[in-house]
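Following: one structure in structure tokens, then a few remarks.
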Amino acid sequence: MYTLLRNFHLALGLFSAVFLLAYALSAAQMAYPLYRPQSTEVVTVIHVSRELEPSPRALAQWLMDRHDLRGDVTDITTTPRGHSLTIVRPGTTHQVAFDSRDRAAHVTTSTTNAIGMLNRIHHVGGVRHEYWAANAWGWFLLTVSVCLLALAVSGVLMWFQRHRERRMGLVVLVAGLAWGLGLLILIRTA
């Protein structure tokens with residue numbers, strides 16, 4: 001039983017380590033910005049067909065379907081000349097300004113390097129995005145969260161199977177739980 005539990009514990013730790021290292025690297029980059037994200041910008045003009053409904057969501061969907069702009073639609077604003085919106089995904093931002101008079105969408109695409117993308121995925125959460133990769137990332141994060149809980153439980157079980165000194169294991173368990181919950185409460189209330 002101990003060998004099976006140890007292998008399970010090891011597999012959970014190895015799977016979670018990749019994601020935890022990505023978060024640690026991006027957190028260190030944000031706290032100590034030795035390497036700043038570098039971005040490049042490209043401006044293109046896309047002529048919009050007359051058949052398309054001039055609403056911002058319809059334009060965004062048309063741009064995603066026909067011109068391969070992928071991401072979540074944000075920052076929709078209506079102007080007297082048309083409207084503007086942003087299509088964003090980690091590492092790439094498309095700022096779209098649509099002029100209804102000449103039916104042209106001016107798209108400014110900003111792409112960042114790997115550091116910038118890592119910085120952006122640090123902030124992605126949830127599974128209700130329009131962009132499928134952001135949803136996949138959210139599901140991976142949920143899986144890693146469950147794996148970390150299972151890692152803790154399996155570690156405590158292995159401790160109690162290997163060591164006769166139960167008090168020390170209980171002290172470590174309570175101290176770790178108090179520390180983690182305390183940090184969680186401080187982060188959420190700050």
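Sequence positions, counted from 1, serve as the residue numbers for this chain. Nothing here was measured: the structure is a model prediction, and the numbers come from that model.
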Decide yes or no on side-chain contact (heavy atoms from CB on, under 4.5 Å) for Val156 and Val153, but give the supporting numbers first.
-> CA-CA 5 Å; Val156 168; Val153 169; 5.9 Å; no
First locate atom SG of Cys147, then atom CG of Leu141, and finally report the distance between them rounded to the nearest 0.5 Å.
-> 11.5 Å
Can you check whether Glu130's main-chain N or O pairs, donor with acceptor, with Asp72's side chain at less than 3.5 Å?
-> yes
Run the side-chain contact (heavy atoms from CB on, under 4.5 Å) check on Thr108 and His106 step by step: do they pass?
-> CA-CA 7 Å; Thr108 305; His106 299 270; 5.9 Å; no
In this structure, CZ of Phe98 is separated from NE2 of His83 (nearest 0.5 Å) by 5.5 Å
Distance-minimising heavy-atom pair for Ser26 and His122 = OG-ND1, 2.5 Å
Could you pull out the closest heavy-atom pair between Ala60 and Val73, with the gap in Å?
-> CB-CG2, 3.7 Å
Taking atom types as modelled, is there a side-chain donor on Thr109 or His94 under 3.5 Å from an acceptor on the other?
-> yes
Are Trp139 and Tyr131 connected in the hydrophobic side-chain network, where two residues link if heavy atoms are under 4.5 Å apart?
-> no
Going from CZ on Phe140 to CZ on Phe15, what distance comes out if it is rounded to the nearest 0.5 angstrom?
-> 5.5 Å
Sequence neighbours excluded - side chain to side chain donor-acceptor pair (under 3.5 Å) pairs with any residue from residues 9-23 = His9-Ser154
Any link between Leu118 and Val124 through a network of hydrophobic side chains (Ile, Leu, Val, Met, Phe, Trp, Tyr) touching at under 4.5 Å?
-> yes
Shortest non-hydrogen separation from Trp137 to Ile121 and the atoms involved | NE1-O, 3.3 Å
Rounded to the nearest 0.5 Å, the CZ atom of Arg50 sits from the CZ atom of Arg103 at a distance of 6.0 Å
Do you reckon Leu177 sits in the same ILVMFWY cluster as Leu149, going by side-chain contacts under 4.5 Å, direct or chained?
-> no
Check Thr112 against Ser39 and note the closest heavy-atom contact, atom names and distance.
-> CG2-CB, 3.9 Å
On a heavy-atom basis, the closest approach of Glu41 and Ser110 is CG-OG, 3.3 Å
Apply side-chain contact (heavy atoms from CB on, under 4.5 Å) to the pair Leu14 and Leu10, showing each step before the final yes or no.
-> CA-CA 6 Å; Leu14 289 174; Leu10 179 63; 4.1 Å; yes
Measure from the side-chain N and O atoms of Trp62 to the backbone N and O of Leu52, and report whether any donor-acceptor pair falls under 3.5 Å.
-> no
Neighbour count >12 (heavy atoms, 6.0 Å) for atom OH, Tyr32 = no
Counting heavy atoms not belonging to Met64, are there more than 12 under 6.0 Å from its CE?
-> yes
Applying side chain to side chain contact (heavy atoms under 4.5 Å, CB included) between Val107 and each of Ile46, Val45, Val42, report the one that passes.
-> Ile46
May I ask you to check whether Thr111 and Thr40 show a side-chain donor-acceptor distance below 3.5 Å?
-> yes
Between the side chains of Thr77 and Ser84, does any donor sit under 3.5 Å from an acceptor?
-> yes
Roughly how far, to the nearest 0.5 Å, is CG of Leu59 from CD1 of Ile87?
-> 7.5 Å
Going only through I, L, V, M, F, W and Y residues with side-chain contacts under 4.5 Å, is there a path from Leu142 to Val144?
-> no
Just by modelled atom types, is the His129 backbone N or O under 3.5 Å from a matching donor or acceptor in the Asn135 side chain?
-> yes
Got more than 12 heavy atoms from elsewhere within 6.0 Å of CD, Gln38?
-> no
Value rounded to 0.5 Å, distance of CG in Leu85 from CG in Leu69 | 9.5 Å
Are Phe19 and Phe8 connected in the hydrophobic side-chain network, where two residues link if heavy atoms are under 4.5 Å apart?
-> yes
